[in-house]
Amino acid sequence: MTLDALTAELHQVLPDAQLVPSRLPGLPELELWLLDPRNLDRAFASDETRRLLEHPPYWGFCWGSGLALARWVLDHPEQVRGKRVLDFGAGSGVVALACRMAGAEQAIACDLDRPALLACALNARLNDMQIVLSDNYFAVEGEIDLLIAADVLYDIENRPLLDHFAERAGNVLIADSRVRNLTHPRYQRSAILPGRTWPDLGEPLEFRDVSLYQLTP
């Protein structure tokens, strides 16, 4: 698991792009390998745009909901301390890393995408932490005390997972910047958190308000 390998994955989409160690706005405790903002400050050719849409290197960004949830975890360490936590759709792994920093006994970064798991591993190494990697949520065995997921509700096909999450873990936290009012009998919004995607994609300001949903007792 090397930075060269992850950069090679990135170059399949953007041949001239680079990853740089990046401090996060509002989350100075963690550092991640993210896309160099200078690589985004230009117009993209049509073939680059096509590749970005087909194979977005989402693991090269810290998305607003992930940043907001990671900040919340570090501000509320009692919610994860000593627990076994699973970060579903981990992306860069920022929330799993925040859980470990806050005292989780084990943090599992789960993502279907192989480059995302490579990014999680490299980001864990960058922050001198250990996390567990999984490419199959349904293959994770054992009790899960807390299941967390950021920015997974945008895909309507993921909504049925909410019921599965509720049966799988003792507690569930869902952070989402695009679903304002989740209508689900087992979840309620507990907070609205400030978030910001980094590198900055110029998203509308409304996407900087992140809804935090929690499994109801």
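Computed from a predicted model, the values in this text were never measured in an experiment.
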Colleague: According to ring pair (Phe, Tyr, Trp, His ring centres under 6.0 Å), who are the partners of Tyr187, at least two apart in sequence or on a separate chain?
Modeller: His184
Colleague: Within a reach of under 6.0 Å around CD of Gln130, are more than 12 heavy atoms found that belong to other residues, nucleotides or ligands?
Modeller: no
Colleague: Let me have the donor-acceptor pairs involving side chains of residues 24-32, under 3.5 Å, with sequence neighbours excluded, atom names and distances please.
Modeller:
{"from": "Glu29", "atom 1": "OE1", "to": "Arg71", "atom 2": "NH1", "distance (Å)": "3.0"}
{"from": "Glu29", "atom 1": "OE2", "to": "Arg71", "atom 2": "NH1", "distance (Å)": "3.1"}
{"from": "Glu29", "atom 1": "OE2", "to": "Arg71", "atom 2": "NH2", "distance (Å)": "2.9"}

Colleague: Does a side-chain heavy-atom distance below 4.5 Å link Leu69 with Ile148?
Modeller: yes
Colleague: Side-chain contact, heavy-atom cut-off 4.5 Å: Val94 with Leu97?
Modeller: no
Colleague: List the atom pairs, with distances to 0.1 Å, where a side-chain N or O of residues 112-124 and a protein N or O form a donor-acceptor pair under 3.5 Å, not counting sequence neighbours.
Modeller:
{"from": "Arg114", "atom 1": "NH2", "to": "Glu9", "atom 2": "OE2", "distance (Å)": "2.2"}
{"from": "Asn123", "atom 1": "OD1", "to": "Trp33", "atom 2": "N", "distance (Å)": "2.7"}
{"from": "Asn123", "atom 1": "ND2", "to": "Ser92", "atom 2": "O", "distance (Å)": "2.8"}
{"from": "Asn123", "atom 1": "ND2", "to": "Ala119", "atom 2": "O", "distance (Å)": "3.1"}

Colleague: Under a 4.5 Å cut-off applied to non-hydrogen side-chain atoms, are Arg178 and Phe207 in contact?
Modeller: yes
Colleague: So Arg23 and Trp198, do their side chains get closer than 4.5 Å, heavy atoms only?
Modeller: no
Colleague: Which residues end up grouped with Val20 if you chain together Ile, Leu, Val, Met, Phe, Trp and Tyr wherever their side-chain heavy atoms are less than 4.5 Å apart?
Modeller: none
Colleague: Does one side chain, of Tyr137 or Asp111, offer a donor that lies under 3.5 Å from an acceptor on the other?
Modeller: no
Colleague: Using side-chain hydrogen bond (donor to acceptor under 3.5 Å, both in side chains) as the criterion, list what pairs up with Arg38, not counting sequence neighbours.
Modeller: Asp36
Colleague: With a 4.5 Å cut-off on side-chain heavy atoms, are Pro199 and Leu34 touching?
Modeller: yes
Colleague: Taking the side chain as everything from C-beta on, heavy atoms only, tell me whether Asp151 gets closer than 4.5 Å to Tyr58.
Modeller: no
Colleague: With heavy-atom distances below 4.5 Å as the criterion, would you say the side chains of His55 and Arg50 are in contact?
Modeller: no
Colleague: Using the rule that Ile, Leu, Val, Met, Phe, Trp and Tyr join whenever any side-chain heavy atoms are under 4.5 Å apart, tell me whether Ile108 and Leu161 fall into a single cluster.
Modeller: yes
Colleague: Going by heavy atoms in the side chains, are Thr197 and Arg208 under 4.5 Å from each other?
Modeller: no
Colleague: Please find the pair of heavy atoms, one from Gln18 and one from Thr7, that lie closest to each other, and give the distance.
Modeller: OE1-CG2, 4.0 Å
Colleague: Under the side-chain hydrogen bond (donor to acceptor under 3.5 Å, both in side chains) rule, collect the residues that match up with Glu167, sequence neighbours excluded.
Modeller: Arg186
